[in-house]
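In what follows, residues are counted from 1 in the order of the sequence shown.
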Amino acid sequence: MLTAKQHPSLELHRISENTDKLMILPFLEMECWTLLCQPAVAMGISVFVLAGLLVHCVFLVSIFDIYFSSPLVHGMTPQQTPLPPPAKRLVLFVADGLRADSLYELNSNSTPPAPYLRSILENNGSWGISHTRVPTESRPGHVALIAGFYEDVSAVAKGWKENPVEFDSVFNESKYTWSWGSPDILPMFAKGATGDHVYTFCYTAESEDFGAQDAAELDMWVFDHVKSFFNSSRSNQTLFSALNEEKVVLFLHLLGIDTNGHAHRPNSREYKENIKKVDEGIKEIALMIDNFYGNDGKTTFILTSDHGMTDWGTHGAGHPSETLTPLIVWGAGVNYPQRVSSQKFEDNLLKEWKLENLKRLDVSQADVAPLMASLIGVPFPLNSVGTLPLEYLNNSAHFKAESMFTNAVQIVEQFKVKMSQKRETTLSFLFTPFKPLSDSEQINYLKKARLYIQQQKYDEAISLCKTLINLALEGLSYYHTYDRLFLGLSIAMSFVGWTTYVILVIIKTHTNLTKAVQTNNKESTVLFYGFAFVGMIIAFFLLIQTCPWTYYIYCLLPVPVWYAVVKELPVIQDLAANLLSHNMVQSVGFIFICILGIEILVFSFFYRSTLTLGLLVFAGWPVITQLWAQAKTNASIWTLLCVLLAIFPLMPVVGREPNIPLVIATGLLTLLISCFSLASLCKTKNKYRNKEDLKVYFYQMLSIALSTYVVSSTHDSLKNKQGLPLLNQIISWMTLVSSSVLPLLSSTFLIQRLFSILLSLMSTYLLLSTGYEALFPLVLSGLMFVWINMEQEALQRYGLSLKPKLAVFNFTYATDITQFRQLHLDDVRRSFFFVFFIVTAFFGTGNIASVNSFDPASVYCFLTVFSPFMMGSLLLLKVVIPFVLVSCAFEAIQVTTQLSSKSLLLLVLVISDIMALHFFFLVKDYGSWLDIGTSISHYVLVMSLTIFMMLMNGLAQLLTTQRLQLSRGTKHHST
């Protein structure tokens, strides 16, 4: 028999000097059993956790294979309009981040924000709105404009910079292309080009500084270098000759507007002044180019944008302010303004912009690529899915018909390659062709269109070509999504099987609902070979169709998962008999409450205010469960903090209304709370603290003070356009690094370690805050501390006599003994609370399922130079910090309630997996792009949350149980 001295975990149960020593005996026996069984149990748990991680990773990745696989095909023949083009050269201006309303809407004094461009659309050219698609980011926007197709999300894995797949573009098809601008955009078009005819001139990446004195200087750099380029060509005969060739493209990428929008918001003076400078620069460049070519009338100019921007300076989602971008085209081959008496659009923008009498010609963003190709006579980009907007062209009906015919042939070529690929990888008796555009139908359409052109029936030819294009695009989508239902069903079967298996594991190993069942070896062997045979048939079926290797994973995964479920059939039968013997009304009622709770969690992904309603219900939990009479003080604080936390989901999304003074006030409030806590700690008996612990708290308080100072100082510096001070940047990064180490130096007593974790994470969170969200982790942590106390009170309902004081609870010595209590119904409520608090931590201060919720200003204490992955990582850290606080509190609840650290986690996984299954079936590829993007991001988010919770469980254990000893002389007090 072990003694307390031999194993210190037994000391946990000595609540006072007068505790009956006989109470220790049952725990001594259980401790021996734990020590004997621990290796086998740990191994089983490790295998199970690893299997769970792998399965959930497959579930997460599958959505990208099913919905976000690359649409590109290769092997098409270039198609070019046979008639001579109207222009020899094209100048493309892309004002990054320019909203349509920011350009078209008049100022308060009725003057245009861009006088030159306003005069162009009123007197010289055609105009409209270019409708972008989600994600409204720079790379996909430029790919749509210049290559004519909407890029798949795989490009985000390379920060929208490199080429995950090779693609054709207008630049590649040109004779020469010269481009000036950002190093984030230009190289990708040069990299994918064949030959050496696409030239790039970029400023340094460090120039893209959100804290710079004036981001408009980026645009001035472009204009100045274009001018010097043309001036130098007069003394360079080779360059001069190349510039006078046909099929020349000049691309000016203007990033200043986007940078100023991020730094100062689109309604700021800086953003509007940048638009005016761009307008003046375009005017100078246009005049210079016309003079250079002797006003030969062979130059076409296009101004557009890759995406817009929200009022709070972000982009990425599908808000109209992000998807509506301007398009102004003028010069050779372009229609002059068309006067009209009235126009019908769903929006009321024309009246706001005072442009009711000028015909508005809207296009999809990908339509700009075929427009450029038609104007300068280059082949349409091979992968373009854009439709030529004929209303922009000022040319003969014959030219328009030939151009539209070329457009149709180019898209039909893609359709034929896609159909051929799918036919080759599908068994003939299983292949279902796209009937509206069979081989014979293709030939008939093309022959008929060609005949119309020969008969000079150009309108009929154009109409027929448009019909053919629409059918070909439908066919491309049909073959691109050909396997979607098949793969989706496979994943859904795996999902249901996995969730069922986890429920069975919980019931079998962590409850008393079933009896021990003898395993029949003969039946198990037959079952194994049966499922193995099914797996072999599926694998053979996939092999003869030469399917991708990922299909094997998705289609074979249900086999082992359902084998594990069917193997537990005796448990299912025993459980069914047990439930039938109980009150059916109670069982059905319990299941109904569980389903209702999960539906509320799902609903909260769409409406943040649902969290407020849930927290208000939580506030009444002590009254409902009669805990109010048992612990009035804790219950009162719980109710107050639930109400306070319920306010946050009703607040505007973070970043829309920055409030630096509130961040500073939060820092001071945290310092004040730290002082009271430190004073309280100093008053405690010596055995609960030592000098080293006090030093750690002083360091953490110093870190909070420095973070508060850095936030204030950095904001003032950026406001004065003095950039990010180097000292502030160094302090910020040092704080970030130290925040992960300092908690490990503090005492492992429960309250002290949790408070240390809060202080360390709070110092980093302050640096990443711009407004009211700084208060969020403070209120959330307060609620978590009270939650731990309330769960201690709830334990008394089950007659557990040992209820140690939280002050003497030590994480290090509490981990081994918590594997013996079976699950109760109340533990389902605990798990639901945890998932609800996790969702609240995610959505409490914004909708992080939307890309545009991320405010770049949050990272300005760390860096202001544009760096997608670094900024993304810091913003992700900001999201994770409240998550870590909740996870650590949940870890504390697991050990204080004497429950297995894995049993509650399994319950949490079941709840989150059922939520994920909801979102899997809610994913759609129809409707608005906002709806499509939202449905996919919700699924990805809840799957990431599930995987995160499995990983965070380990992180929470690390943060709460481990302690670093920096010196040998430090004495460690266990009690």
Would you say the side chain of [Y] lies within less than 4.5 Å of the side chain of [X], judging by non-hydrogen atoms?
X      : Y      : value
Ser887 : Phe834 : yes
Leu557 : Ser490 : no
Pro649 : Tyr607 : no
Leu917 : Thr499 : no
Ile788 : Leu754 : yes
Gln792 : Asn634 : no
Leu487 : Ser62  : no
Val884 : Cys888 : yes

As an exercise, state the distance from [atom1] of [X] to [atom2] of [Y], rounded to the nearest 0.5 Å.
X      : Y      : atom1 : atom2 : value
Leu645 : Leu615 : CG    : CG    : 5.0 Å
Leu780 : Leu641 : CG    : CG    : 10.0 Å
Leu601 : His918 : CG    : NE2   : 10.0 Å
Asp483 : Leu489 : CG    : CG    : 12.0 Å
His56  : Leu909 : NE2   : CG    : 5.5 Å
Gln894 : Asp827 : CD    : CG    : 10.0 Å

How about Phe606: does its CZ atom have over 12 heavy atoms from other parts shown lying under 6.0 Å from it?
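Counting neighbours around CZ of Phe606, more than 12 heavy atoms of other residues, nucleotides or ligands fall under 6.0 Å, so yes.
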
Ignoring hydrogens, what is the shortest heavy-atom contact between [X] and [Y]? Give both atom names and the distance.
X      : Y      : value
Thr612 : Ala646 : OG1-O, 2.8 Å
Ser912 : Val942 : O-CG2, 4.1 Å
Ser858 : Lys878 : OG-NZ, 3.2 Å
Gly497 : Val561 : C-CG1, 3.2 Å
Leu60  : Tyr939 : N-OH, 4.4 Å
Ala774 : Thr666 : O-CG2, 3.4 Å

[X] side chain to [Y] backbone, donor-acceptor under 3.5 Å:
X      : Y      : value
Ser781 : Leu778 : no
His315 : Thr136 : yes
Glu773 : Gly771 : yes
Thr310 : Thr314 : yes
Ser760 : Ile757 : no

Return the set of residues passing ring-ring contact (aromatic ring centres under 6.0 Å, His included) with Tyr501 (not counting sequence neighbours), or none when no residue passes.
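By the ring-ring contact (aromatic ring centres under 6.0 Å, His included) rule, Tyr501 matches no residue at all.
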
Going by side chain to side chain contact (heavy atoms under 4.5 Å, CB included), name the residues that satisfy it together with [X], two or more places apart in sequence or in a different chain.
X      : answer
Pro558 : Met493, Ser494, Trp562
Ser740 : none
Leu527 : Phe531, Tyr563, Val566, Lys567
Thr550 : Asp65, Pro548, Tyr554

Ring centre gap for [X] and [Y] strictly below 6.0 Å:
X      : Y      : answer
Trp621 : Phe833 : yes
Tyr765 : Phe776 : no
Phe837 : Phe618 : yes

Verify side-chain contact (heavy atoms from CB on, under 4.5 Å) between Leu775 and Phe648, making sure each step is shown before the conclusion.
CA-CA 9 Å; Leu775 281 166; Phe648 286 91; 3.9 Å; yes

Give the intermediate values and the outcome of side-chain contact (heavy atoms from CB on, under 4.5 Å) for residues Arg830 and Ile893.
CA-CA 9 Å; Arg830 286 188 180 92; Ile893 286 170; 4.1 Å; yes

Under 4.0 Å between a Lys/Arg side-chain N and an Asp/Glu carboxylate O for Glu791 and Arg829?
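Counted as a salt bridge, because a side-chain N and a carboxylate O are separated by less than 4.0 Å.
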
Can you classify the ring geometry of Phe755 versus Phe785 as parallel (below 30°), tilted (30 to 60°) or perpendicular (above 60°)?
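Tilted, since the angle between the ring planes falls between 30° and 60°.
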
One pair to check against side-chain contact (heavy atoms from CB on, under 4.5 Å): Cys642 and Leu783. What are the steps and the verdict?
CA-CA 7 Å; Cys642 279; Leu783 186 60; 3.8 Å; yes

Criterion side-chain contact (heavy atoms from CB on, under 4.5 Å) on Phe59 and Phe920, from CA distance to verdict
CA-CA 9 Å; Phe59 290 160; Phe920 183 81; over 6 Å; no

Name every donor-acceptor pair, under 3.5 Å, that has one atom in a side chain of residues 590-597 and the other anywhere in the protein, sequence neighbours excluded.
none

